[in-house]
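Quick notes on the structure that follows.
First the proteins, then the strands, lettered A, B, ... as listed; each starts at 1.
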Number of protein chains: 2
Amino acid sequence: MLSMDICADDTAPDPRVCASVMRSERAALDTIGRYKNVSRGETVIWAGDESTICGNLLSGVLKLVACTTQGREQIVGLLYPADFVGQPYPGRAEFTITAMTDAELCVYSRRAFERLLTDQAGMERLLLQRTLAALNIARRQMWTLARTSAAEKVAGFLIDMTSRTASSGCRATYDAPVTFDLPLSRGQIADVLGLTIQTVSRQMTHLKAAGIIRLPGGRAITITDSIGLEARAVAA
Amino acid sequence: MLSMDICADDTAPDPRVCASVMRSERAALDTIGRYKNVSRGETVIWAGDESTICGNLLSGVLKLVACTTQGREQIVGLLYPADFVGQPYPGRAEFTITAMTDAELCVYSRRAFERLLTDQAGMERLLLQRTLAALNIARRQMWTLARTSAAEKVAGFLIDMTSRTASSGCRATYDAPVTFDLPLSRGQIADVLGLTIQTVSRQMTHLKAAGIIRLPGGRAITITDSIGLEARAVAA
DNA sequence: CGCCTGTTTGAGAGTGTTCAAAACAAGTGG
DNA sequence: CCACTTGTTTTGAACACTCTCAAACAGGCG
């Protein structure tokens, strides 16, 4: 049973979508869902293709990419576990969805998923709330892209990553160094922030020189001065 | 009856929201709706306030503004007639909503609107589809803000405005000049595109010098070379 | 007419990009 | 173990673009 994999425990606070819907809806999801593994770099949905599948992300990170002919591309959204993938209702996909890490999906045919939305009112409401939240995130990102400097963008990004990756809950200790691995390469960070690789790298170097972060090597990063970092996230 | 004002004609292809929902839902909307007039510059919802009202726009244009302390602001969305205003479900408003022109709204209390969403499944689906569309628009705009030059931004904006304002249907005549009034000031255009007033003005001047547009005066604009304009919208 | 608001134009400065090369890390095969 | 490849990150210098500051211009209204 798929439900065993996805929602093995009814009581645990599961971040995945199925935990937030009711039992009956979860059962309905399971009946139409198909488990799918994708590996890093693999594209799940191509922009321009007819939208035929929906799903939700179980593990890994996907990116939504807007791009034109010859390379100018921009990541317009990141999908984390529990997020919906794709869009219901007919039409062409607006953006290409690609795995940034190996990922696991629970995939539904779009038609089946739409039937489910109709039959299970709670599911439609959940999707609506998710979509409203995604819209707010996208609009905040518009502000970031349009009105902040490279220094603010990178600092803000690192803060976001800290709260998402170093999931040590709400640490009260502002002065304790936190170390974690950035899940994105410099290039991918540049794609998210609307910058170039070089600019991202330079900003990182500046932060390191200012004693705000350390870069032990590889993807690792240590935040040594959260307050200083936050100060740089709001003003140059 | 409010319905007389909003949806006087059942058969005409009415762009407003009520035309796209079914009779019963429209009737339900009317019972909870309150007509409201706002004048240019008036703010309907303040960012950070508890979300207590929803509505839909009957006429005029509203802007969604993201801003921080001291003036750096960015328009993250425009609302046109038929669009939903505000968001259902508890929480604080993320963005300030202000009228850019005199406008007419049909306002519902958030609670009443939520009840309606529950009772009328079609309404919830409509709102979901609208929200998905708004999300796509926001993401496309992210691409524009992050990866296009000022010249491309302004050219693209003028094309959008042409198709929206000069509502002469789908003109097959690419070479016929089109004239219309821009609904936004230079400053407002700058806020939408993430530029400054001066840069917008300069780009307009360049387009005029290139013989692509004419600026007869006031808010008026004439597109004399749609093809040239579109060429500039995709590449510098 | 003066005032107010919005637009245009100019000159200079700052920021991020582009192009280019070096440094670094990790994996492969000799 | 070492050369060699491949891919990423860092660093540098020059350039281009947009912003900032500042002033001139145009129209609407008391």
Could you tell me the separation between the CZ atom of A:Arg72 and the C1' atom of C:dT17, rounded to a whole number of Å? 13 Å
From CD of B:Glu152 across to C1' of D:dA16 the rounded distance in Å is 14 Å
Hey, does B:Ser185 reach any base, or is it just sugar-phosphate, or nothing, if we go heavy atoms under 4.0 Å? sugar-phosphate
Can you tell me the distance, in whole Å, between the CD1 atom of A:Ile189 and the P atom of C:dG16? 16 Å
Measure CG/A:Leu215 against P/C:dA25 and give the value in whole Å, please. 12 Å
Is it the case that more than 12 heavy atoms not belonging to B:Arg219 sit under 6.0 Å from its CZ atom? yes
In whole angstroms, how far is the C1' atom of C:dC24 from the CE atom of A:Met204? 16 Å
What are the two closest non-hydrogen atoms of B:Val61 and B:Thr101, and how far apart are they? N-OG1, 3.0 Å
Rounded to the nearest 0.5 Å, how far apart are CD1 of B:Ile212 and OG1 of B:Thr222? 13.5 Å
Check whether any side-chain heavy atom of A:Phe157 lies under 4.5 Å from a side-chain heavy atom of A:Val154, and answer yes or no. no
Taking A:Thr224 for its side chain and A:Gly211 for its backbone only, find out whether a donor-acceptor pair lies under 3.5 Å. yes
Return yes if some donor-acceptor pair links the side-chain N/O of A:Ser201 with the main-chain N/O of A:Ile197 below 3.5 Å, else return no. no
A:Arg147, CZ atom: more than 12 neighbouring heavy atoms under 6.0 Å: yes
Show me the protein contacts with nucleotides 18-25 of chain D, counting only N or O atoms at under 3.5 Å.
residue, atom, partner, partner atom, Å
D:dT18, OP1, B:Ala150, N, 2.6
D:dC19, OP2, B:Thr196, OG1, 3.1
D:dC19, OP2, B:Thr199, OG1, 2.3
D:dT20, O4, B:Arg202, NH2, 3.3
D:dC21, N4, B:Gln198, NE2, 3.1

Respond yes when some side-chain nitrogen or oxygen of B:Thr205 is under 4.0 Å from OP1 or OP2 of C:dT9, and no when none is. yes
Which atoms form the tightest heavy-atom contact between B:Val234 and A:Arg72, and what is the distance? O-NH2, 2.9 Å
Quiz question: by atom type and distance under 3.5 Å, do the side chains of B:Gln87 and B:Ser51 form a donor-acceptor pair? no
Axis-to-axis angle across the helix from C:dC1-D:dG30 to C:dG30-D:dC1, five pairs an end, to 10 degrees? 20°
Value in whole Å for how far the P atom of C:dT17 lies from CD1 of A:Ile197: 11 Å
What is the distance, to the nearest angstrom, from the CD atom on B:Gln188 to the P atom on C:dT5? 15 Å
